[in-house]
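Sequence lines set the chain letters: A, B, ... in the order given, protein chains first and strands last, and positions in each chain run from 1.
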Number of protein chains: 2
Amino acid sequence: MRPYKHPTVDQFALERVFQALSDPTRLEIVRHLARVTEATCGELDGGRPKSSMSHHFRILRDAGLVHTRGAGTVHQNTLRRDELNARFPGLLAAILAQSAD
Amino acid sequence: MRPYKHPTVDQFALERVFQALSDPTRLEIVRHLARVTEATCGELDGGRPKSSMSHHFRILRDAGLVHTRGAGTVHQNTLRRDELNARFPGLLAAILAQSAD
DNA sequence: ACTAATGTTCGATAATAATCGAACTATCGA
DNA sequence: TCGATAGTTCGATTATTATCGAACATTAGT
């Protein structure tokens with residue numbers, strides 16, 4: 001399996017990040033990842049088809065929000081906390097503070 | 001002229017805010033408003049037709065980002081800084097820190 | 001090898017959103 | 001009241017995005 005292409009920190013674009021977070025499914029994924037620090041794609045589908053989830057994960061990856069790493073037959077996803085905080089200080093905190101709603 | 005309908009702070013939805021900010025035109029408007037603290041719609045069109053701008057301003061209003069007030073024949077727009085900071089601490093700062101790009 | 005499990009990719013369809021001209025509204029000033 | 005200015009609303013068109021089934025790829029275990 002070839003590794004995924006992830007943007008570097010200096011390639012992050014705020015507009016793309018907002019676009020990624022403007023979907024409820026993806027916002028939910030990000031919040032979940034904030035709690036567990038690592039999760040497979042399958043753990044996060046809410047009964048949604050795999051192809052849909054794959055689509056959302058790709059957008060999150062392309063925006064720089066999520067890192068995906070193949071681990072055997074599974075794909076582990078993590079929030080790119082440190083890099084996001086470095087590039088967009090306060091952004092992640094603002095998102096996650098809302099989790100309590 | 002009837003006053004605009006603006007959401008109250010507790011009606012703000014993060015997802016809607018992100019959706020509003022995911023468009024380059026609107027992100028530009030927000031950043032501009034952050035600098036000038038007040039501006040008319042006309043000042044912010046970049047040659048774009050008025051109907052398009054009106055559309056973008058409405059989305060920004062509905063998300064709670066911008067307050068619009070009729071002032072004579074003109075409409076003055078302001079960033080709802082305090083309310084945004086109250087509801088989404090850190091968010092605005094993260095957006096505006098990026099302005100220097 | 002064969003099988004099962006996890007995701008990805010492809011292609012089609014449906015749903016959302018952006019864009020813009022034209023007609024309309026409201027306000028100010030002459 | 002007439003004209004000019006600033007925005008809004010409407011309707012149509014185009015462009016983006018989401019959704020999902022089906023076929024494919026990769027890895028682990030037997």
Side-chain angles (χ1 to χ4, degrees), chain A residues 1-7 13-30 32-33 36 38-79, chain B residues 1-7 13-30 32-33 36 38-79:
Chain A
M1 87 147 294
R2 63 204 178 293
Y4 290 95
K5 189 173 50 205
H6 293 94
L14 192 56
E15 182 190 327
R16 186 176 296 268
V17 170
F18 285 143
Q19 208 282 327
L21 293 172
S22 68
D23 180 278
T25 303
R26 292 192 293 261
L27 195 51
E28 187 189 325
I29 291 173
V30 168
H32 186 103
L33 287 178
V36 302
E38 190 168 57
T40 65
C41 302
E43 296 178 62
L44 298 178
D45 62 6
R48 285 172 286 256
K50 298 195 286 186
S51 53
S52 295
M53 293 311 283
S54 189
H55 165 70
H56 289 305
F57 272 104
R58 196 166 75 76
I59 289 175
L60 289 171
R61 265 196 305 274
D62 290 350
L65 285 161
V66 166
H67 179 90
T68 305
R69 154 183 74 85
T73 169
V74 136
H75 292 186
Q76 289 291 354
N77 299 282
T78 53
L79 237 197
Chain B
M1 88 147 291
R2 63 201 179 296
Y4 291 96
K5 193 174 47 208
H6 293 95
L14 193 56
E15 182 190 327
R16 187 177 296 268
V17 170
F18 285 143
Q19 208 282 329
L21 294 171
S22 68
D23 180 278
T25 303
R26 293 193 292 262
L27 195 51
E28 186 188 327
I29 291 173
V30 168
H32 186 102
L33 287 178
V36 301
E38 191 168 56
T40 65
C41 302
E43 297 179 60
L44 299 178
D45 61 6
R48 285 172 285 256
K50 297 195 285 185
S51 53
S52 294
M53 293 310 283
S54 189
H55 166 70
H56 289 306
F57 272 105
R58 196 167 75 77
I59 288 174
L60 289 170
R61 263 196 305 276
D62 290 351
L65 286 160
V66 166
H67 180 90
T68 306
R69 154 183 74 87
T73 170
V74 136
H75 291 185
Q76 289 292 356
N77 299 282
T78 54
L79 236 197

Q: Just say parallel, tilted or perpendicular for the rings of B/Tyr4 and B/His75, cut-offs at 30° and 60°.
A: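 Ring orientation, 0 to 90° scale: perpendicular.
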Under a 4.5 Å cut-off applied to non-hydrogen side-chain atoms, are [X] and [Y] in contact?
X	Y	value
A/Thr68	A/Leu60	no
B/Gln19	B/Arg26	yes
A/Leu14	B/Leu21	no
B/Ile29	B/Asn77	no
A/His56	A/Glu28	no
B/His55	B/Arg48	no

(Q) Under 4.0 Å, counting only non-hydrogen atoms across every strand here, what does B/Arg61 touch: a base, just sugar-phosphate, or nothing? (A) sugar-phosphate
[X] [atom1] to [N] [atom2]: how many Å, rounded?
X	N	atom1	atom2	result
B/Arg58	D/dT8	CZ	P	10 Å
B/Leu60	C/dA18	CG	P	10 Å
A/Phe57	C/dT9	CZ	C1'	17 Å

**Q.** Any residue meeting side-chain hydrogen bond (donor to acceptor under 3.5 Å, both in side chains) with A/Gln76, in chain and number order, not counting sequence neighbours
**A.** none
Q | B/Glu15: partners by side-chain hydrogen bond (donor to acceptor under 3.5 Å, both in side chains), with sequence neighbours left out | A |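 side-chain hydrogen bond (donor to acceptor under 3.5 Å, both in side chains) check on B/Glu15 returns nothing, list empty.
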Q) salt bridge (charged side-chain N to carboxylate O under 4.0 Å, His left out): which pairs involve residues 50-60 of chain B, sequence neighbours left out? A) B/Arg58-B/Asp62
Q: Would you give a per-nucleotide map of nucleotides 18-24 of chain D, 5' to 3', where B means the base has a protein non-hydrogen atom under 4.0 Å away, S means only the sugar-phosphate does, and - means neither?
A: SBBBB--
Q: Spell out protein contact along nucleotides 2-7 of chain C as letters: B when the base is contacted, S when just the sugar-phosphate is, - when no protein heavy atom is under 4.0 Å; keep the 5' to 3' order.
A: ---BBB
Q: Please give the angle, rounded to 10 degrees, between the axes at the start and the end of the helix from C/dA1-D/dT30 to C/dA30-D/dT1, where five pairs define each axis.
A: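 Answer rounded to 10°: the end axes differ by 30°.
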